[in-house]
Amino acid sequence: MKNRKIFLFVAVLLCMTLMFSTVFASGDDPADQSVSSSDMTAPDAQVQNESGVATQSLAVGQDSADVGQDADVSSEDTGASAQDAETTAASEEVLVTETPEPEADEEYQSPFYSTIWALLPPLVAIVLALITKEVYSSLFIGILVGGLLWSGFKFEGTMTHVLSDGFVGSLADSYNVGILLFLVVLGALVVMMNKAGGSAAFGRWAAEHIKSRMGAQIATIILGILIFIDDYFNCLTVGSVMRPVTDKQNISRAKLSYLIDATAAPVCIIAPVSSWAAAVAGFAEGSGMNGFELFVRAIPYNLYALLTIGMMFAITIMKFDFGPMKKHEDNAKNGDIFSNEKLKDMADQMEGNPRGRVYDLVIPIVVLIITCVFGMVYSGGFFTAGEEGYHNIVTAFSNSDASVGLVYGSFGALIFAVIYLMCRRVLSFKNCMESIPEGFKSMVPAIMILTCAWTLKSMTDSLGAAKYIHDIVEGSAGIFQSFLPAIIFLIAVGLSFATGTSWGTFGILIPIVIDVFGFDSGEITIIAISACMAGAVCGDHCSPISDTTIMASAGAQCNHLVHVSTQLPYAMYVAAISFVGYIIAGFVRNVYITLIFSFALLILSLFLVYYFTKRSDQAKRVNG
C-alpha cells in the first residue's frame with residue numbers, strides 16, 4: 001500500500017507538471033519556436049510593435065525629406081529626385097518591417113543538454129521500479145521525464161518527442177525489430193518443444209543423471225559458457241533447457257535467472273567469436289589499431305567477467321548464498337521455487353506430450369545453434385565474394401549483424417522444428433501453428449520492457465548524456481592516470497546501469513579512452529579499455545532496464561524485479577573487488593599480478609562471508 005501511494009504521488013506530480021507547463025511555458029513547440037517570428041507578416045509586425053515601427057517610419061520620412069531638400073539645392077530634376085526619394089523610403093520601410101526568416105532546419109537543442117540532468121530519466125525509472133515493484137509504468141514515467149527535459153516542459157514537444165522520436169523511432173529501428181523477431185520465433189520454438197514433451201523428457205533424464213543441487217547449477221553454468229555466441233540467444237536457450245533440471249533439484253527461479261544472466265554478457269565479452277567481439281571491434285574502427293586484436297588483448301584484464309564466473313563456481317561449490325537470494329534458495333529447498341504463489345502455475349507448463357523424448361529438445365536446440373552461427377557469419381559476408389569476411393570466419397563474425405543473423409538462424413530452426421516434429425508424429429501441423437501465437441504471447445512482457453528500455457535510451461541520448469560523460473573522463477585524464485582505469489570502470493558501471501545498455505556504453509567510452517590515451521601509452525591503454533568493457537557489462541548486469549537482464553528473467557520464467565533484487569548484491573560484490581583490481585592494475589600494469597591479486601581477494605572475502613552467514617544461521621536456530 002505504501003509503495004502504491006508513492007507511485008500515485010509521483011504520477012500525479014508529473015501530470016500536474018504537464019498541465020502547468022501548457023499554461024506557463026513560453027513559446028510554442030520547440031520544433032516550431034525558431035520559425036514563429038518568420039511566419040509574421042509585415043502588417044502584423046506593425047500591429048504587434050506599433051510604436052517601434054512608427055518611430056522607424058518617422059525616421060524614414062525624415063530621411064526622405066532630407067533627400068528632397070538636397071535635390072532642390074542641386075541642379076538635377078526636382079521631380080525625379082522626389083520620386084527617387086519616395087522609392088528609397090518605401091524600400092527602406094519594407095526592410096524595416098520585414099524580418100529575415102531563419103533556417104527552417106535549424107536543429108533544436110534542449111536547455112538541459114549535456115548536463116547532469118541528462119541522467120535523470122533513467123534514474124527516475126530505476127528508483128521507481130525498485131520502490132513500486134512495477135516495471136512498465138516506472139519506465140514510462142522515466143521516458144516522460146526525458147521528454148519534459150528535452151522540450152523545456154512544453155506539452156506538445158514532450159508528446160511528440162516521447163511518441164514519435166521515442167516509441168515509434170525505437171520500433172522503426174531495423175536492429176531492434178530483428179531482436180524482437182528473434183524473441184518471437186524463439187518463444188514459438190520453446191512452446192513447440194514443451195508441447196512435444198522434449199523439455200519434460202529432458203527433465204526426467206536429468207533427474208536420473210544429475211543427482212544434486214550443485215550438479216544442476218554447475219551444468220547450468222557450463223551450458224551458459226558453451227553458448228557464447230550471443231547473450232540474447234544464451235539467455236533464452238539456457239533457460240528453456242535447464243528449467244526442468246533446476247526445478248527438479250529445487251533450485252529457485254531467482255538463482256536460475258542469476259546463473260543465466262551471469263553466463264550471458266560476462267561470457268560473451270571474453271569470447272573472441274561472438275557478437276560482442278564484433279561490436280567492440282566496430283567501436284574501435286578508425287583508431288589505428290585492429291579492433292579484433294584490441295578485444296583479444298583486453299580479455300585478461302576484464303576483471304568483472306572473469307571474477308563473475310569465478311564467483312558462480314565458488315558459491316555453488318561452497319553451497320551458500322547471501323542477501324535476498326538466500327531467502328529464495330531457502331524457500332526453494334522447501335519446495336517453493338518461486339517464493340511467490342502467483343507464479344506457481346508456470347511450473348505446470350513443462351509436462352507436455354508423454355511421447356516426447358530427450359532428442360525432441362536437444363536436436364532443435366543444436367539446429368538452432370548451428371543455424372544462428374550460419375546466419376551470423378552469412379550477415380558478416382562469409383559467403384559473399386568481394387566482402388572483407390569472405391571465407392574468413394573470424395572477420396565474418398567481427399562484421400556480422402547480430403539481429404539479422406539471429407533472425408536467419410531462428411527462422412531456419414523454426415522451419416526445421418515444424419518438419420521434424422511432424423515427421424516424429426508428436427505434433428500435428430495445427431499444433432505447430434498454434435505454438436507460434438502462444439510463443440508470441442509468452443514473449444510480450446519481454447517485448448514491452450525492451451521497447452520501453454530502448455525508448456528510455458533514446459531520451460537519454462537526446463539529452464546529451466554521452467557528451468556529459470565524455471567531458472568528465474577527459475577532465476580527469478591528466479590528473480589521475482594510474483587511477484583512471486578504476487575511474488573509467490565506475491563511470492561505465494553508472495552509465496550502463498542508467499541507460500540499460502552495455503553496447504551503448506562501449507560506443508560512448510571506447511573512442512574517448514582511445515582519444516585520451518592513444519596507443520602509444522602501452523599497457524595502460526589496454527587496461528583502460530578493458531575497464532570500460534568490464535564496467536559496461538557490470539552496469540548492464542545490474543540494471544533493471546537492461547535487455548539481457550530482461551531476457552534472463554524471461555528465460556528463467558522469473559519475476560523480473562525478483563531477479564534484479566536478488567542479483568544486485570552478487571553483482572555489486574564482484575564490482576567492488578573489480579574496482580580494487582583496477583586500482584592495482586593501474587599501478588603495476590602486469591596482468592598476472594592483477595589476476596592473482598583479484599582472485600585471491602575474491603576467494604578470501606567469500607570465505608569471510610561464508611563464515612558470518614553460517615554464524616548468523618546458527619544464531620537464528622538457537623534463538624528460535
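Here the structure is a predicted model, which is why all the values come from computation and not from measurement. In what follows, every heavy atom counts, from backbone to side chain, and hydrogens, waters and symmetry copies are set aside.
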**Student:** Within the side chain of Thr263, is there an N or O that forms a donor-acceptor pair under 3.5 Å with the backbone of Gly224?
**Tutor:** no
**Student:** Kindly give the heavy-atom pair with the smallest separation between Ser598 and Ile577, and that separation in Å.
**Tutor:** O-CG2, 3.8 Å
**Student:** Any side-chain heavy atom of Thr549 within less than 4.5 Å of one from Val564?
**Tutor:** yes
**Student:** Of all heavy-atom pairs between Ala534 and Tyr582, which one has the smallest distance, and what is that distance?
**Tutor:** CB-OH, 3.2 Å
**Student:** Considering non-hydrogen atoms only, spot the tightest contact between Phe489 and Phe579 and give its length.
**Tutor:** CE2-N, 4.1 Å
**Student:** Whether the side chain of Tyr573 engages the backbone of Leu606 through a donor-acceptor N/O pair (distance < 3.5 Å, no angle test) should be reported.
**Tutor:** yes
**Student:** I want to check something: taking the side chain as every heavy atom from C-beta on, are Gln567 and Ser257 in contact at a cut-off of under 4.5 Å?
**Tutor:** no
**Student:** Search all heavy atoms of Leu406 against all heavy atoms of Phe182 and return the closest pair with its distance.
**Tutor:** O-CD1, 3.5 Å
**Student:** Out of Ile488, Ile487, Val493, which one pairs with Ile491 under the side chain to side chain contact (heavy atoms under 4.5 Å, CB included) rule?
**Tutor:** Ile487
**Student:** Kindly write out the residues that satisfy side-chain contact (heavy atoms from CB on, under 4.5 Å) with Leu306, not counting sequence neighbours, or none if the list is empty.
**Tutor:** Ile270, Leu595, Phe599
**Student:** Quick check: do Val185 and Val407 have side-chain heavy atoms less than 4.5 Å from each other?
**Tutor:** no
**Student:** Hey, are the side chains of Leu171 and Asn176 touching, using non-hydrogen atoms and a 4.5 Å cut-off?
**Tutor:** no
**Student:** Does either side chain, that of Asn331 or that of Ser252, offer a donor lying less than 3.5 Å from an acceptor on the other one?
**Tutor:** no
**Student:** Going by distance alone, is a donor N or O of one side chain under 3.5 Å from an acceptor N or O of the other, for Ser553 and His560?
**Tutor:** yes
**Student:** Mark yes or no for whether Ser502, through its side chain, and Ala536, through its backbone, hold a donor-acceptor pair below 3.5 Å.
**Tutor:** no
**Student:** Could you check whether any side-chain heavy atom of Asn559 comes within less than 4.5 Å of a side-chain heavy atom of Leu561, counting everything from C-beta outward?
**Tutor:** yes
**Student:** Verify salt bridge (Lys or Arg N to Asp or Glu O under 4.0 Å) between Arg253 and Asp247, making sure each step is shown before the conclusion.
**Tutor:** CA-CA 8 Å; Arg253 290 293 176 88; Asp247 287 355; 2.6 Å; yes
**Student:** Between the side chain of Arg213 and the main-chain N/O of Asn250, is any donor-acceptor distance below 3.5 Å?
**Tutor:** yes
**Student:** Can you name the closest pair of heavy atoms from His563 and Asp261 and give their distance?
**Tutor:** NE2-OD2, 3.0 Å
**Student:** Looking at Phe322, is its backbone amide N or carbonyl O close enough to the side chain of Tyr570 to form a donor-acceptor pair, meaning the two atoms are under 3.5 Å apart?
**Tutor:** yes
**Student:** Evaluate whether atom OH of Tyr610 has more than 12 neighbouring non-hydrogen atoms of other residues, nucleotides or ligands under 6.0 angstrom away.
**Tutor:** no
**Student:** State, to 0.1 Å, how close Leu139 and Cys452 come at their nearest heavy-atom pair, and which atoms those are.
**Tutor:** CD1-CB, 3.6 Å
**Student:** What residues, two or more places apart in sequence or in another chain, satisfy side-chain contact (heavy atoms from CB on, under 4.5 Å) together with Ser435?
**Tutor:** Val191, Met192, Lys195
**Student:** If you look only at pairs with a residue in residues 298-316, which of them pass as a side-chain hydrogen bond (donor to acceptor under 3.5 Å, both in side chains), with sequence neighbours excluded?
**Tutor:** Tyr301-Glu523, Tyr304-His541
**Student:** Would you check if there is a donor-acceptor pair between the side chains of Asp540 and Ser496 at a distance under 3.5 Å?
**Tutor:** no
**Student:** At what distance, to the nearest 0.5 angstrom, does CD1 of Ile436 lie from NZ of Lys441?
**Tutor:** 13.0 Å
**Student:** After noting the C-alpha distance and the side-chain angles of Asp360 and Met193, does the key distance pass the side-chain contact (heavy atoms from CB on, under 4.5 Å) rule?
**Tutor:** CA-CA 7 Å; Asp360 292 332; Met193 290 184 291; over 6 Å; no
